[in-house]
A.B. asks: 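Structure provided below as structure tokens; questions to follow.
Labels below follow one simple rule: chain letters A, B, ... track the order of the sequence lines, proteins then strands, and each chain is numbered from 1.
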Amino acid sequence: MQNRNHLSNVKISHNVSVIENGLLEIPMLQLLNEQGVEINPKKVKFFDRDTAQKILNSMHYTRLLDDRMIGAQRQGRISFYLASLGEEAATVASAAALEPQDMIMSQYREQGALVYRGYTTQQFMNQMFSNKDDPNKGRQMPIHYGDKALNFMTVSSPLGTQIPQAAGYAYGQKMAGQSAITICFFGEGAASEGDFHAGLNMAAVLNCPCVFFCRNNGYAISTPADEQFAGDGIASRGIGYGVKTIRVDGNDVLAVYSATAQARKIALEENCPVLVEAMTYRLSAHSTSDDPSGYRSKEEEQKWAERDPIVRFETWMQEKNWLDKEALEAYKTKTREEILAALKVAEKISICEIDEIINDVYDTPPWHLEKQLKELKSHIKKYPEAYPKTAGSNK
Amino acid sequence: MQNRNHLSNVKISHNVSVIENGLLEIPMLQLLNEQGVEINPKKVKFFDRDTAQKILNSMHYTRLLDDRMIGAQRQGRISFYLASLGEEAATVASAAALEPQDMIMSQYREQGALVYRGYTTQQFMNQMFSNKDDPNKGRQMPIHYGDKALNFMTVSSPLGTQIPQAAGYAYGQKMAGQSAITICFFGEGAASEGDFHAGLNMAAVLNCPCVFFCRNNGYAISTPADEQFAGDGIASRGIGYGVKTIRVDGNDVLAVYSATAQARKIALEENCPVLVEAMTYRLSAHSTSDDPSGYRSKEEEQKWAERDPIVRFETWMQEKNWLDKEALEAYKTKTREEILAALKVAEKISICEIDEIINDVYDTPPWHLEKQLKELKSHIKKYPEAYPKTAGSNK
Amino acid sequence: MAKMNLLQAINNALILSMQKHPSAMVFGEDVGHFGGVFRATSNLQEKFGKSRCFNTPLTEQGIIGFANGLASQGSYAIAEIQFADYIFPAFDQIVNETAKFRYRSGGQFSCGSLTIRTPYGGGIAGGHYHSQSPEAFFAHVPGLKVVIPRNPYQAKGLLLSSIEDPNPVLFMEPKRLYRAAVGDVPEEEYTLPLGKADVVKTGSDITLLAWGAQVEVIEKAASMAEQDGISCEVIDLQSILPWDVETVCQSVFKTGRLLINHEAPMTGGFASEIAATIQQECFLYLEAPIARVTGLDTPYPLAHEKEYMPDHLKTYEAIRRTMDY
Amino acid sequence: MAKMNLLQAINNALILSMQKHPSAMVFGEDVGHFGGVFRATSNLQEKFGKSRCFNTPLTEQGIIGFANGLASQGSYAIAEIQFADYIFPAFDQIVNETAKFRYRSGGQFSCGSLTIRTPYGGGIAGGHYHSQSPEAFFAHVPGLKVVIPRNPYQAKGLLLSSIEDPNPVLFMEPKRLYRAAVGDVPEEEYTLPLGKADVVKTGSDITLLAWGAQVEVIEKAASMAEQDGISCEVIDLQSILPWDVETVCQSVFKTGRLLINHEAPMTGGFASEIAATIQQECFLYLEAPIARVTGLDTPYPLAHEKEYMPDHLKTYEAIRRTMDY
Ligand SMILES: Cc1ncc(C[n+]2csc(CCOP(=O)(O)OP(=O)(O)O)c2C)c(N)n1
Ligand SMILES: Cc1ncc(C[n+]2csc(CCOP(=O)(O)OP(=O)(O)O)c2C)c(N)n1
Ligand SMILES: [Mg+2]
Ligand SMILES: [Mg+2]
């Protein structure tokens, strides 16, 4: 680190030298090449077979879940979904490199991390059907997961807001003496928000042990990366904040795992933030409300489909003789069934009773909310057919 | 410039390489050394003697104005003042490198630029006494200057807000086919605001011809630079945005002039933003409400007092035989008298008549403001002694 | 005349403005080639080029900051905020900059040629981050105008007025009507006055007041009440700031009763301003307390959206209570 | 008991909280070694170390974002925004995050241990960027509590309550009273209830309601009115959200008249909510329209500050008008 004082140690030049971004090259870590061949000459052992299996399964699970839920949305069973096709390595392998006590703040496309942490199929479904078993009590749109027990912060739609929050959370963990960090996921689009700037700068100045994990997947809805920023990705910004930075191939499980593990280690041991930029691609539509054919080519998508992170990782596992194809197929079949079954259960569970409409605004409802609830309940009693989802439980 | 696409041209590495800010060194342009000796071997001619004289005079004017107004504030004649002692080269020489049609958006400590542009002593005084000849109509605190005729945007207190505005203004200039840029001044403290991030990134992506001029003067009120950021100043952030960047010795007139001229040229010819970081020091208190002895040492201040930008520039002018000491003394005497005289005039001019209280909220006052004014006026009529400043003009 | 939905009417107004004013520019997240997530800016980039209709980076404070600068330079800046729920990062630029630009400079500079468009409101299963109705926040900001249309005809005329108006205007579009509201819209340019309410239906017993998508809700409640022999005057406020006290007062002088309906939470919602003003102006005419039928004082919930909304039934009940007072 | 000014009372409350809660942290611009531009955080860094009282970079959205994260982690986060005029960059973090944190997660996570302190209000020749009273914006945000003290005793008790309260609280400090208001304050910890108004003086003809620095203005007007034989009940609202409808209603049942005074512009100011609610709750008791004596619907002007302010004379006149209605 350079001395932080605003003028000491500065080099002097006598000609106007214009610094351009080309001066700095930030390489991208890759440990499996596009063909899935390990190219790290040192042959480091990253994780054991069980972990590898768990990573692979979690990636498959995520893809199966995405697939099924897009279907469910098309069938009109849920209102909205947002898939992570193509980005499974970035979200699953990063989660694998963390400890359970680390707080995960996600943007919304990190279901892979949640799968790895052990969120159950039924939990996913309850959230997406906004039913009364959803711990968020059905208050948020599908995909806004959250689970305190798993140290997974509830998703919030406004982009970028989690970035300074992660700094604050990590500061609190440090002050409490915990051996834990906070990881904050966000897209390259969200990184344009002012909160990104505030969060990275504060984390650096206040020595917050956190990992800022940017999924640079090339698009923010329809906006391509080159209309989002003019610099060299998001990693190049780390320099400006004095934040240690790693760029990684986001479709390479080994690289993502290593980069995140290293980032976590630095964050915890040196009490500082680390920025990780995972280069990947949003193969899916932005969400079920979106159709990417209006803004990008099939060729581009095809090129990236060939960089499938699952295939790449499976090739490596195969090479190591860790891939049990039969077991994998069985796992996928079981998962498909499990998802379907849980979906059917979830869609039959009713939504929260009407009293929940005023809970959790405050720790306990103040009198004016009690009054509004009372009026609402007597109104529903008068018109039960108009409020079929709550009339039954309205006492 | 590197290719902006999010993945093309990326270099691949096979080991986790953590990029730290130390990798990049941003030198500081200096053309006059601390002793005022020109050290550019090429002996470029920067400007003619008249310009040099105007720069020198403007710096002296600024210092004399500051001095007098701090006095006036102590005497209770004005409520507030904010001096730029030690930063005169940064604000005056940068303004000298611009064309009159360029828009200047200042933070608040750039009275030097305004002096150079030709704001009159009486204008300064009218603003600071909030009297009815102030074009801002006395609506803002002292030092919130603004003059459309001089292409100097009215100062706004909220920090950083001008930064994205400068991008927008410059975009408009470009679209209108003007041969003009926008320069936006701000402190290293203001550069922590989210608006800084938004402004630089947008200017880069949308190719806005503007110069972002950061006065890194070591402090934001009491907060030293090392509690403001952890990177290598503000210049290092330019890289992240793909914005061309120049760091300059802010106490060196020749260097500031050259850097700004170069920045302007690039901005205009290449339709892009340029970031200039001027390394300087706020020798004065933050404002008349502040006392720096609580947060920094006399030694530190002394060290910087010795780097006086005026002394340095005078040495150079002397060396070139451009310094007419007698004329300079005469100018300073005249200026002192002029300031004193204008001050006396301004403090006798009354404030705007009460009708102005509702003007300029909209282009014309809507009915509800007319009604509020009418009520106010009849109230003042009833209690003229209670509103002595407006009762007289209340018709 | 052409049949247009609300989105088409807005798109049409934008096209006319860009044709009329060479310095008019449209920008925001995804508004370029893609035409915006709701497609309100479809084809503008194709028609007017990338320099006049363009995507911005994902930063609302930047969008409005940029827009303020562009407008102060003299261009017509037409900025889109993708959802009104996401206008808050730009709150400082709007409240401290846009709105005070002219006043603080004594009229030397202004953002008068700025128009901010944003879809707002619920009823689309959007939960609390895609359903908010933040008009009351902006109603407390002198220097802004705030306008909300209820159908395609009003949308086009009011949007054209907003763009022409020499003051910054926040133009809020009821997104649940984007495709649902269809009507006859003249193809040429026309304007509708800002600051004026529209009496949608005259009546004598009670005045019902709303704006945007809630106008059809009060109309529905009015029909129900008419069946009980209650004659309702239905008013679309259209402009939230400045608002048309005169028209509302005239109506209340006649009916003696007022009900205001909005989606936003009750406390500090814009109905409070209307009620406070009307109880002052019409005190001796009021035969019952002014009723507010609004959202609950909670974030906008997803599963309980139906229960949260100030629908026609709640409105009808409040009409009855007000009549029976 | 000790004589303290308002700043000292706040400083004292902060010290007690930091002693009581090892996880309590105080942060904001210049609050560290310097002790804040108004010196409310003097000596905290010396007493509790740099890790518990620290300067932040100059970014309000960052300060509140950081504070939200820190509070959600379970620490007591006490953030300072240097001037309420500069709270708007943090508006999104407050409105969309702080206030909705608990609701959106079904109570799993919350920012309950967050307290935001900020000096507000005019009367200090600060012009429109150092004088604003933005309480009404926050009153429209379910999930927040908003508290404003009028003197050192209230300040300490209410601030301690705000920090202890398991909900996020915006604590607004009337900066023109920082040194001007001096009074007896117990040295030990004590709390005053949130959500409760304080009846400062009982009376029978008219209820005068204000908060913060304006309480002394209505007290002064009350004295003037008493000379005319008008008996005024003076109430300090203290909590803006949730506010004490009960106490105000009880008073209006008795007096039949209500006047509300605040510094912020009239349109959409918090007086509108109070008037809307009270005309509903006390309709049959009101003998005159509820009067609002407020700032003008303009930015807060510098030169015309005196004319802009809802001072005791304007209040007195409004009392007379209300009595004579
Ligand atoms: C503050 C805010 N502005 C706008 C949006 C609407 N929005 C939702 S997702 C999205 C694009 C995000 O892109 P990126 O951060 O790159 O993430 P990705 O979707 O690519 O994973 C936008 C604009 C939002 N949710 N929040
Ligand atoms: C948004 C905002 N936050 C806080 C302030 C209060 N404030 C005024 S000047 C200042 C310090 C600015 O420091 P810097 O940008 O470095 O400029 P300098 O004073 O050093 O020239 C602060 C915190 C403000 N004016 N605006
Ligand atoms: Mg993306
Ligand atoms: Mg500074």
A.B. asks: Is any side-chain heavy atom of A:Ser157 closer than 4.5 Å to one of C:Tyr86?
C.D. replies: yes
A.B. asks: Is any side-chain heavy atom of A:Ser222 closer than 4.5 Å to one of C:His33?
C.D. replies: no
A.B. asks: Could you check whether atom CD of C:Gln227 has more than 12 heavy atoms from other residues, nucleotides or ligands sitting under 6.0 Å from it?
C.D. replies: no
A.B. asks: About how many Å separate OG1 of A:Thr161 and OH of C:Tyr129, when rounded to the nearest 0.5 Å?
C.D. replies: 7.0 Å
A.B. asks: When heavy-atom pairs shorter than 4.5 Å are enumerated against chain C, which of A:Lys389, A:Arg139, A:Glu193 gives the highest number?
C.D. replies: A:Glu193
A.B. asks: Please identify, among A:Ser79, A:Ala191, A:Gly138, the residue contributing the most non-hydrogen atom pairs under 4.5 Å to chain C.
C.D. replies: A:Gly138
A.B. asks: Are the side chains of A:Phe229 and C:Pro57 in touch, meaning some heavy atoms are under 4.5 Å apart?
C.D. replies: no
A.B. asks: I'd like to know if A:Lys377 and C:Glu307 make a salt bridge, using a cut-off of under 4.0 Å between side-chain N and carboxylate O.
C.D. replies: no
A.B. asks: Where does A:Leu159 contact chain C at under 4.5 Å (heavy atoms): side chain, backbone, both or neither?
C.D. replies: side chain
A.B. asks: First locate atom CD of A:Glu375, then atom CD of C:Glu317, and finally report the distance between them rounded to the nearest 0.5 Å.
C.D. replies: 11.5 Å
A.B. asks: A:His144 versus chain C, heavy atoms under 4.5 Å apart: side chain, backbone, both or neither?
C.D. replies: neither
A.B. asks: I'd like to check A:Glu227 versus C:Phe54 (side-chain heavy atoms, cut-off strictly below 4.5 Å). Are they in contact?
C.D. replies: no
A.B. asks: Can you tell me how far apart NE2 (C:His130) and CZ (A:Phe80) are? Round to the nearest 0.5 Å.
C.D. replies: 6.5 Å
A.B. asks: For A:Lys382, does the NZ atom have more than 12 heavy-atom neighbours from other residues, nucleotides or ligands under 6.0 Å away?
C.D. replies: no
A.B. asks: Heavy-atom distances under 4.5 Å only: say whether C:Thr56 touches chain A with side chain, backbone, both or neither.
C.D. replies: backbone
A.B. asks: Given heavy-atom pairs under 4.5 angstrom as the criterion, report whether the side chain, backbone, both or neither of A:Ile358 touches chain C.
C.D. replies: both
A.B. asks: Side chain from CB out, backbone as N, CA, C, O: work out which of these in A:Asn131 comes under 4.5 Å of a heavy atom of chain C, or both, or neither.
C.D. replies: neither
A.B. asks: Taking side chain as C-beta onward, heavy atoms only, is C:Lys314 less than 4.5 Å from A:Leu376?
C.D. replies: yes
A.B. asks: Looking at C:Gly127, C:Ala125, C:Gly62, C:Ala303, which one has more heavy-atom pairs under 4.5 Å with chain A than the rest?
C.D. replies: C:Ala303
A.B. asks: Could you check which of A:Pro365, A:Pro366, A:Gly294 has the highest count of heavy-atom pairs closer than 4.5 Å to chain C?
C.D. replies: A:Gly294
A.B. asks: Is it the side chain or the backbone of C:Tyr308 that comes within 4.5 Å of chain A heavy atoms, both, or neither?
C.D. replies: both
A.B. asks: What distance do A:Gln228 atom CD and C:Thr59 atom OG1 have between them, rounded to the nearest 0.5 Å?
C.D. replies: 9.5 Å
A.B. asks: I'd like to verify something: which residue of A:Ser289, A:Ala190, A:Gly160, A:Ala386 has the highest number of heavy-atom pairs under 4.5 Å with chain C?
C.D. replies: A:Ala386
A.B. asks: Which atoms of A:Ile357 are under 4.5 Å from chain C, going by heavy atoms: the side chain, the backbone, both sets, or neither?
C.D. replies: both
A.B. asks: Run the side-chain hydrogen bond (donor to acceptor under 3.5 Å, both in side chains) check on A:Gln140 and C:His128 step by step: do they pass?
C.D. replies: CA-CA 7 Å; A:Gln140 294 213 75; C:His128 55 197; 3.2 Å; yes
A.B. asks: Please classify the contact of A:Tyr295 with chain C as side chain, backbone, both or neither, using a heavy-atom distance under 4.5 Å.
C.D. replies: both
A.B. asks: Most heavy-atom pairs under 4.5 angstrom with chain C, which of A:Gly189, A:Ala220, A:Ser130, A:Pro158?
C.D. replies: A:Pro158
A.B. asks: Is A:Arg296 atom CZ crowded by more than 12 heavy atoms from other residues, nucleotides or ligands, each under 6.0 Å away?
C.D. replies: yes
A.B. asks: So which part of A:Asn359 gets closer than 4.5 Å to some heavy atom of chain C, the side chain, the backbone, both or neither?
C.D. replies: neither
A.B. asks: Considering only heavy atoms, which portion of C:Phe38 lies under 4.5 Å from any heavy atom of chain A: side chain, backbone, both, or neither?
C.D. replies: neither
A.B. asks: Heavy-atom pairs under 4.5 Å with chain A - which of C:Leu58, C:Leu313, C:Asp311 has more of them than the others?
C.D. replies: C:Leu58
A.B. asks: Need one label for C:Glu305: side chain, backbone, both or neither, based on atoms under 4.5 Å from any heavy atom in chain A.
C.D. replies: neither
A.B. asks: Kindly indicate whether the side chain of A:Val361, heavy atoms from C-beta on, has any atom under 4.5 Å from the side chain of C:Asp297.
C.D. replies: no
A.B. asks: Any side-chain heavy-atom pair from A:Ile221 and C:Glu29 closer than 4.5 angstrom?
C.D. replies: no
A.B. asks: Atom CG of C:Leu302 and atom SG of A:Cys352: how far apart are they, to the nearest 0.5 Å?
C.D. replies: 11.0 Å
